[in-house]
Amino acid sequence: MLSTVFRNLVSKPDTVKYPYAAADIPSGNRGRVEWNMDACILCGLCEKRCPTLAVKVDKRSGEITVQVPRCIACGVCIDVCSKDAITMTPEYSKPCYGKEVRSYQKEMKTVSE
Amino acid sequence: MTKTTLIPVGPQHPVFLEPLNISLKLKEETVVGAEINYGFNHRGLEKAMAADFRRTIYMCERICGICSFYHSTAYCQSMESLFKVEVPERARFIRLVMMECQRLTSHTLALGHTAEAMGYESLFMQLFREREALMRLVNDISGNRVHYSINTIGGVRRDIPMEKQKEMLSVLDGLETRFAKLAKVFKDDRTIKERTIGKGVLTKEMAKKYCVVGPVARASGIPEDIRTSYCRDLDFQPIVRDEGDSYARSMVRVDETFQSIQLIRKALTMLPEGPLEVPVKGNPSGEAFIRLEAPRGEVIYYVKAKGTVDLERIKVKTPAFVNVAALSAMVPGCEMPDIPVITVSVDPCICCTER
Amino acid sequence: MATRNDELSPWILHFDTGSCNGCDIEIWSLLTPRYDIERFGMINKGNPKHADILLVTGPVTKKCATRLKTLYDMMPDPKLVVACGDCASTGAPFVGCYNVCGGVDSVIPVDVYVPGCACRPEVLIDGVVMALQKWNEKRTMEEVKA
Amino acid sequence: MELIISIFLWALIPLIVGVMLGLDRIVTARMQGRKGPSVLQSIRDLLKLLGKKGSMVNRSQVAFVYLALALQAIAAFILIIGSDILTAFLLSGAGSFMMVVAALSVRSPYSHLGAHRELVQIMATEPVVMLVVLSMGYASGSFISSNLEGALVLTLPLAVIAMVPTLLIRLEKSPFDIATAHSEIVSGPYVELSGRTLGISKLAHWYELVVMFGIFLLFFSMSDPILDVVVKVIVLVTVVFAIALIDNSTARLTRWRMLRFSLTYCLGAVMLNLVILYLINGGVF
Amino acid sequence: MADTLTTLLVVLLVVAPLIGGLGSLAIFKLSAIRKIVISTAVVLITSVLGLSYLVLSNGAIDYNASDLSSISIIITLLDLVLIFAFICLAYKQKSILAALFAFLQLSALVFIEIGGVGEHGMVIHIDQLSLMMAFITSVIGSIICVYGLRYMEHYEKHGRFFAAMLLFLAAMNGAVFSNSLLWLFFFWELTTLCSYLLIGHTETEQAKRSAITAAEYTLGGGVALIFGIGLSMFYFDTVFIDQIPLGSSLAGLELLPLALMAVAAFTKSAQLPFQKWLLGAMVAPTPVSALLHSATMVNLGVYLLLRLIPNLHGTGFLITTIGMVGLISFLVTAVLAMTQSNAKRVLAYSTISNLGLIIACIGLDTSLALTAAMLLLLFHAISKALLFMSVGVVKEETGSEDIDAMEGLRAKLPLIAAAILIGISMMVLPPFGMFASKWLLSEAVTSLPILALFLVLGFGATLVYYAKWLGQVFTRGKETEVIEKHHTDRVYAFALIATAVIGFMATAGIGPILDGLINPYVSNVFDPTLSVRSLDLVSSLGVFPIMMVIMLAIIIVALVVRSTKLPPVMDVYACGESSEVRTGTFYYWSEERVAHLSQASNIGMYALLFGLLSVIVVLGVVA
Ligand code: SF4
Ligand code: SF4
Ligand code: SF4
Ligand code: SF4
Ligand code: SF4
Ligand code: SF4
Ligand code: SF4
Ligand code: SF4
């Protein structure tokens, strides 16, 4: 053990600089899911197949809400979306004082009365 | 008159990561009675898993964050046998590689945990430092540090491309050399030997009686390892020791880490080309029974499906379940300071025991 | 972001209320050379009476709920609670499990929710640092009460 | 004038020990390949603890902790003003006694286990240090630290060596961090203390360290004041470094092992030294 | 010949308890006995204070043998009666050993009387040492008797009991005043009788057995004493202690009488290998234990050694061996005390241990050590009385003497807990006298550092067993936990508070005690080296700033406490569980190993004593 200890002592510590420097996140990381509402057709498949019920698709108002602390970044929604409206970024979701809910609004064509 | 001390160890105790409660009866510092209480971690997963079979992949993965991949693999294998599909060879090898990676992270965790329980903080730190390199590697390959989530019924969802294979090999090389040093410490350090040799002995007979599995069984002289059949093409021999004490258990894990590194190397060189998954259609029906060698021993999945989206019943038999029970045979008569070491050397996991 | 609270030295208590171990081990990783939260003076204490921050992992199972409450009550004021991982925040990965009460906030008040399954060490650092920003607030509250 | 300096020094003890412990933490961290906390971290910890109200189990616990602090602080004071080292040591021993009683005064198994381990620790260290102190008195004919002969290390080399494990024990470092072993008995005697009371007990421990290290450093007194300071600082740094090294390359042992080690090797070494000295001085059996 | 007042005081100190004793023997009613005992106590305390004043201002008081020849004859006759009583007793209890010892005593006594005793000397010599002893006996002893009044209410035969108690005090005072060895011998044997009566008071089988064991051991000691007296007649031609030649001039067989007297002292002080009787004596009611351990009996042996200091000083191996016996007793019994669960047994072992320490000091044969010995004797008596009386109350209230049973005493019996705290603090904590003596002794031991090893180990063990006990007394759960409070009786409260106050006063008055009582006696042999200068104890080697310690401690605690409001109450940590927790007790070594240790050390000590005597004889014969 002594040799290891001495080696550690003279070499630079292994500690990352985070949060003072950017986090070292591998490119393959499944971080967070983002919706591209232009492509989305509000079919609701992502809501149906999400294993943790994190997604809500409101077909009426055209809004998709994701409860961030429910999403386990499994990527199932991406797989099932036929329109490729969902993307995954390596960047992870940030902590919050409350339970963060992200919502995406689709431009709805106004239905004339 | 000697009053005994009655002391709850857990559910929250610095040496346990998980909510396990051992109620100890001590005479001075000698254990005269131990009672293991379960149930803190019981979430009722088996019931919840008997639902949409596609969702269950993600749920069974979350039975446990240490050998999550084994759980999803075992589950997917059982579903594949229900669907009567054969996964592509490439997928089988990728699963194998990932499983061995997870065994590496799990064993380094277990060893580090043992070191921490003995108060050998710097060894713990070094082991976790090496583990961190592994974690980054699996993160890059699978997309998550803990729950790889790359299994799917019929194959895997992510490939290990050539450049990642290379990176993997180089990481493993570095790891092997550095880990060899730490392994030597574990083998030879006088204080470690003093704390582990002869402590918490589980004889071969007792081991058989308690049906222990995995490294605990192998450290007690039972050459039981399911990988002998699963890794058939990789020329695998289980590591066995006879002493049955905490030292032997740790040494089995130390040796198995090197073995896993070898297995990964071999698997990567043999990685066949081909598709990653075969499609499955429809709903499963019938029964399936699958065994897999997880880091702590064999995990058994029994799945019964009734032809609908929802499964009828899932039963998981996990290694820690039997190993933890054997603890009650190991601790009486030992000293309080040995309790954490012995407990951790068995590597108890409550989350899959209780699900 | 963390500099202003550097003069603090939060001590940590970790309690697993029924998690899958994923987040627990990520918390342990925090202690180890790569992330080394002792940089911020944080030490894992394992004792509620010494702790300032309670890190909870896992969905709260029915049996753990009372223990969680006991531990929380034992921590001296001012105290902070960080729910680590999706489970602790909402209990989500275990939707439909009969023995799960839900997130930590169903038992004790939570100050910071850290998402992720499992939550990465980086997020955990962010989460704890965010919690620390609440510390001064809580302390002044204490003084007002006294 | 000297008295004023001493009192000033005494008042600064928390600062000095805090920095010393901070350095120790950094060195330990670096040995483990970590970056480690800031130098002032231990002081911050203390300030934070003193600022927290905390909780108590019962009143006697709090009272004994305060008494422990008082005794340790006085012991350190006596040592620093250059008075009787034996008095200082005995007072500090009484302070540890108080800490043990404080830990025993709650009905908590962990606290009791810790206290009993602390008692074994007292049995292991007290005789050694006391014998060391007595041998110092024997070698120089006085217990007044300012009258002690210079460079006692030359006459009592074995005693100096024997004291190092004792310091290790008192610093609660592995392999002898037995009383507070956080992964076994959740910090033992301190388990039921919290907030300010915990801070007070920490402070008491710091003063105790001052007494221990103070006695140790007296072996290296030099007549030249500048040389004196330089030598003492060098010795201190070396010892702390050595202790960090040992801490980082051993697992924790058990209490009987500690007792056996200390009472055979350490006590034996001091005794041997003393006997040799006695024979040289023309003593007879 | 001193004046009438002095004589009156001296006579009162011996005779008042005697009369009181006879009075209580005659009366059966406890209420009357109570009055008698209390008035005797008052008389004793006033007399001893008066005598102190006289001795301190006018110096030692002497009475010549020629003036008191009639009393000498009476004492001789009483002596014969006493020995005859022992013979009857031995016959009744069928103890061959006791009978043998009594016969040996008888023949030696007859032999000495026939040889004729010179009349040119002082039969009574009251100096500072006697005064200190008389003070301990009269004040502490009286308090214990008063305490006994309440304690013995549920026992029977009060008359006999208090007669024996008061007689004990008389015998003690008589013994410490005597300069004639024959007088001393009489009083010595009288204490043996009293202890026999008191230990066997409850008349259970066990009590009887213990009583006869005690009688056997101490009668054996008596034999050693009377043989020593005979030999001293033979070699030095005197029975007066002050006429025995100084130690430095003794050689060869002349050491034998002193060695025998030392053996006698060891039996009385229950040193190894004679400790068994004192442990057996634990079956007696607590006031008896308190009396035996603090105010009387065991002190007598130490007193004899202290008295013989001028004669022992400079005798080389003899005094060193005496010291060794004390030192080994100190260490072994300290270790044994750690393993005991019964509070009285812990105290018994600690008594032997502390007396061993005193004897070790005597053996060190230096000025500082002698000073330490006398200080230890004084403070030990006070704190032991306090502790024993507390244990007695606990026994009465909770029905157990076990340390385990004392858990939570702080809440149940706050006064007793405080008394135990003070008692133990006096034993181990600054600034109390015991602690100061410990410091002194440690400084003294530098003259013979080889002994330091035993000392430091013993001190460690002492800390351990007291910490264990004190901790148990204060162990309790949450502050808010409801615990039934017991009421402490007024008599008990008085006795405890009075003893504690005496302890505090003795500590605060350590300077005057040193100057008035201890240094004058030490100066018989050595230059006193310990003094009190500007409220510090100053020795040749170092300083112990008693007052500074007290003051600083008060200031620091007051400052800190003032700045703190008590934090909220919280239950203990049980890993989040709320199930039952229980704290056990630690005895460190198993019973068998302990038995092993005491057996081995007893054998060793017998060998040591035997070796000592034979070395003296062999060397003497060779020379
Ligand atoms: S599955 Fe795709 S298209 Fe359908 S609602 Fe979701 S995001 Fe929109
Ligand atoms: S990534 Fe998974 S958990 Fe997250 S929203 Fe998509 S399906 Fe749901
Ligand atoms: S079988 Fe499993 S899921 Fe069902 S009740 Fe038992 S533990 Fe829960
Ligand atoms: S699993 Fe067994 S115990 Fe549980 S509900 Fe079903 S039958 Fe009852
Ligand atoms: S044994 Fe169970 S709990 Fe432990 S790591 Fe494996 S699956 Fe997880
Ligand atoms: S069978 Fe399962 S639920 Fe029942 S006690 Fe055992 S572990 Fe707990
Ligand atoms: S396992 Fe579930 S049902 Fe059984 S006692 Fe516990 S909480 Fe109740
Ligand atoms: S959030 Fe995910 S990784 Fe964390 S405990 Fe829950 S299931 Fe495990």
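Because the structure is predicted, anything quoted here is derived from the model rather than measured. Below, chains carry the letters A, B, ... as their sequence lines are ordered, and counting in each starts from 1.
The choice from D:M130, D:E126, D:Q61 that makes the most heavy-atom pairs within less than 4.5 Å of chain E is D:M130. Between chain D and the options E:V473, E:T475, E:L457, E:L470, heavy-atom pairs under 4.5 Å are most frequent for E:T475. The greatest number of non-hydrogen atom pairs below 4.5 Å with chain E, out of D:I122, D:T197, D:L274, is found for D:L274. Of the listed residues D:V191, D:V270, D:V100, D:L134, the one with more heavy-atom pairs under 4.5 angstrom with chain E than any other is D:L134.
Residues D:M271 and E:L453 approach most closely at SD-CB, 3.6 Å, considering heavy atoms. Heavy-atom minimum distance, E:A467 versus D:L104: O-CD1, 3.4 Å. Across every non-hydrogen atom of E:V464 and D:M123, the tightest pair is CG2-CG, 3.3 Å.
Between the CZ atom of D:F97 and the OG1 atom of E:T462 there is a distance of 10.5 Å, given to the nearest 0.5 Å.
Neither the backbone nor the side chain of D:F89 comes within less than 4.5 Å of any heavy atom in chain E.
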